[in-house]
K.L.:
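Before anything else, here's the structure in question.
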Amino acid sequence: MSVVLRKVWGSVLSRSGSGSSRSWPELPDDHPALGDLDTLPTDVFMQILQLLGPRYAARSSLVCKSWKALVSDNVLWLHLLKSGKEPWDFLLFAETQLRYGPSLYFNHPSQLSFMNVYAQRATVPGSVIIDGGSGYCKYGWSKYASPSGRCATFLEFGNLESPMHARLRYFFSTIYSRMQVKPSSQPIIVSLPICHTDDTEAARASRKQLREAIYSVLFDMNAPAVCAVDQAVLALYAASQTSGIVVNIGFHVTSIVPILRGKVMHAVGIEIMGQGALRLTGFLRELMQQRNINFESLYTVRTIKEKLCYIAADYDAELRKNTKGSCEVAGEGWFTLSNERFQTGEILFQPHIGGVRTMGLHRAVALCMDHCLAAEVASDDRWFKTVVLAGGSACLPGLPERLEKELHKILPPSMSEGVKVIPPPFGADSAWYGAKIISNVSTFANAWCISKKQFRQRLRRNKAW
């Protein structure tokens with residue numbers, strides 16, 4: 001190690017003319033004599049440790065107590081963590097907010113040993129992530145930058161007349177086959193869809209039944225560990241939040257889900273709007289047909305929606321503007337739209353325009369906020385004032401700004417103060433990325449996963465009750 005240190009020492013000293021403003025721990029007066037290394041300023045020595053990297057930096061802690069104190073300092077390991085591949089803000093959020101699993105407890109960064117965090121994260125295995133979605137499923141490796149494939153959701157996969165257990169097994173088997181992995185090789189994270197939203201005994205039983213069916217199927221397939229988390233919660237984590245309201249514009253419906261400290265508040269109430277991405281695409285198709293614009297399929301219309309449509313900040317003012325825009329669809333040529341570009345998304349706020357009898361999105365969110373306030377489930381009512389959008393259609397430009405504007409208009413000042421709307425942080429894949437954040441947390445295996453043995457023990461306890 002002394003040879004390596006001497007090589008790096010020359011590199012550091014050649015750049016040490018520019019002083020360091022960082023605050024490093026000082027060496028104690030009674031540390032053992034270390035020859036020429038005694039003359040090194042502490043900040044220079046810490047720069048050497050940074051250049052050595054985590055392996056040699058950790059080994060240098062064995063030299064003496066004073067070196068151990070320097071090596072254990074959080075500043076060194078914060079630097080090494082920030083130099084890694086994972087974005088620092090996600091890493092910090094995961095390690096300070098999610099390290100204790102679904103039962104969230106908050107911990108200040110200074111209370112953490114980032115040396116231990118670094119070591120633990122290095123041993124976290126890669127996981128298979130499956131986000132069931134509502135229109136289609138996204139799956140892939142947790143160590144990859146994005147999902148590697150898509151397929152039908154497990155609620156719509158295979159023969160719908162088949163028992164749920166058989167459909168789930170076919171669904172998971174298909175994904176394992178496409179990813180070319182054995183079920184027994186990696187932990188798996190599954191997002192639970194937004195369904196059975198009531199707080200009735202029947203709805204609670206249905207949610208429990210679905211969760212246990214997923215566990216049962218995966219453990220029968222010899223999965224080593226399973227983590228199942230609500231889809232809306234994962235979308236919230238992707239926005240680096242643990243509390244708030246998730247507005248998920250799904251395939252068929254739009255769900256407004258209140259979440260407090262990582263838990264879906266069914267007792268407060270989940271609002272459901274009877275229109276989703278499919279209705280938006282269908283309404284654009286109707287508008288195009290009225291103008292005799294020819295297209296081959298609904299997929300073409302969806303592509304045009306994604307490329308040209310947006311949400312107007314002021315609908316009436318937008319009607320007086322020239323809003324023409326064009327896009328090309330592969331194999332079908334160019335399409336030009338005008339008012340249809342913003343009329344499509346306007347049905348989220350004025351559903352009657354599209355012939356849908358449901359409340360507008362802003363009113364549904366405001367109603368959810370009102371229920372959150374009345375429930376008095378937390379001493380601080382700011383927890384529900386962060387609104388996170390999720391789903392592919394939630395990516396329409398202008399939607400966050402318009403929703404925030406409408407909420408400020410209809411909410412009383414005491415409630416509207418502090419309300420902010422966050423766009424989907426990763427587009428249609430936000431829930432998948434939320435699972436990715438969980439999968440890399442240093443305590444993932446123990447805090448978030450359940451093993452087959454633990455699952456069997458839980459079932460036995462439930463039967464005993």
Side-chain angles (χ1 to χ4, degrees), residues 126-195 210-211 213-223 225-235 238 248-253 255 276-282 297-303 305-306 330 390-395 424 426-439:
S127 302
V128 173
I129 298 176
I130 300 178
D131 169 27
S134 59
Y136 52 89
C137 162
K138 284 80 70 177
Y139 59 85
W141 286 105
S142 63
K143 302 299 183 182
Y144 287 1
S146 60
S148 57
R150 288 167 168 75
C151 66
T153 69
F154 60 75
L155 294 178
E156 300 176 347
F157 201 85
N159 184 356
L160 298 182
E161 301 299 322
S162 300
M164 177 59 75
H165 191 281
R167 286 167 54 197
L168 284 171
R169 188 176 183 89
Y170 179 40
F171 171 77
F172 289 124
S173 297
T174 300
I175 291 179
Y176 278 124
S177 176
R178 291 181 181 180
M179 293 184 65
Q180 298 181 342
V181 295
K182 294 180 179 179
S184 59
S185 63
Q186 304 290 340
I188 181 169
I189 304 178
V190 181
S191 76
L192 299 173
I194 303 170
C195 57
L210 175 60
R211 185 185 293 264
I214 290 173
Y215 282 135
S216 179
V217 168
L218 288 170
F219 286 131
D220 286 347
M221 298 174 69
N222 293 320
V226 179
C227 171
V229 186
D230 289 291
Q231 186 181 63
V233 173
L234 292 174
N248 183 70
I249 303 180
F251 192 61
H252 295 290
V253 299
S255 307
L278 185 61
R279 180 59 196 138
L280 291 176
T281 304
S297 67
L298 200 61
Y299 174 79
T300 303
V301 180
R302 191 185 79 179
T303 303
K305 179 188 73 174
E306 293 171 352
S393 292
C395 299
F426 295 95
D429 299 334
S430 290
W432 191 91
Y433 279 93
K436 177 180 169 67
I437 291 173
I438 290 176
S439 71

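Hydrogens, waters and symmetry mates play no part in the numbers below; they use all other heavy atoms, side chains included. Keep in mind that this is a model prediction, so the values were computed, not measured.
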K.L.:
How far does CG of L234 sit from SG of C227, to the nearest 0.5 angstrom?
P.N.:
7.5 Å

K.L.:
Report yes if the side chains of V181 and Q186 come closer than 4.5 Å at any heavy-atom pair, otherwise no.
P.N.:
no

K.L.:
Would you give the length of the straight line joining atom OG of S142 to atom CD1 of I188, rounded to the nearest 0.5 angstrom?
P.N.:
11.5 Å

K.L.:
If I take atom OG1 from residue T303 and atom CG from residue L298, how far apart are they, to the nearest 0.5 angstrom?
P.N.:
9.5 Å

K.L.:
When rounded to the nearest 0.5 angstrom, what is the spacing between OG1 in T281 and CD in E306?
P.N.:
7.5 Å

K.L.:
Could you tell me whether the side chain of S173 and the main chain of Y170 form a donor-acceptor pair under 3.5 Å?
P.N.:
no

K.L.:
Are side-chain heavy atoms of C195 and L210 found at a separation under 4.5 Å?
P.N.:
yes

K.L.:
Please check: side-chain N/O of S191 versus main-chain N/O of G132, any donor-acceptor pairing under 3.5 Å?
P.N.:
yes

K.L.:
Measure across A390 and A235 and return the closest heavy-atom pair with its distance rounded to 0.1 Å.
P.N.:
CB-CB, 3.9 Å

K.L.:
Using every non-hydrogen atom in the two residues, find where A435 and I129 come nearest and quote the distance to one decimal.
P.N.:
CB-CG2, 3.5 Å

K.L.:
Would you name the heavy atoms of I194 and A232 that are closest together and state the gap between them?
P.N.:
CD1-CB, 4.1 Å

K.L.:
Between the side chains of K305 and S393, does any donor sit under 3.5 Å from an acceptor?
P.N.:
yes

K.L.:
Tell me whether R150 contacts the main-chain N or O of Y136 through its side chain, where contact means a donor paired with an acceptor under 3.5 Å.
P.N.:
no

K.L.:
Write down the atom of K138, the atom of W432, and the distance for their closest heavy-atom approach.
P.N.:
O-CD1, 3.7 Å

K.L.:
Does atom NZ (K143) have a neighbourhood of more than 12 heavy atoms from anything else shown, all under 6.0 Å?
P.N.:
yes

K.L.:
To check you understand the geometry: which heavy-atom pair defines the closest contact between I437 and A238, and what is its length?
P.N.:
CD1-CA, 4.1 Å

K.L.:
To the nearest 0.5 Å, what is the distance between CG on D131 and OH on Y433?
P.N.:
12.0 Å

K.L.:
Less than 4.5 Å apart, any side-chain heavy atom of R167 and any of V217?
P.N.:
no

K.L.:
Would you call D429 and K436 a salt bridge, using N to O less than 4.0 angstrom?
P.N.:
no

K.L.:
What's the shortest heavy-atom distance between G140 and S148, and which atoms?
P.N.:
CA-OG, 3.4 Å

K.L.:
Which value, rounded to the nearest 0.5 Å, describes the distance between F171 atom CZ and I130 atom CD1?
P.N.:
5.5 Å

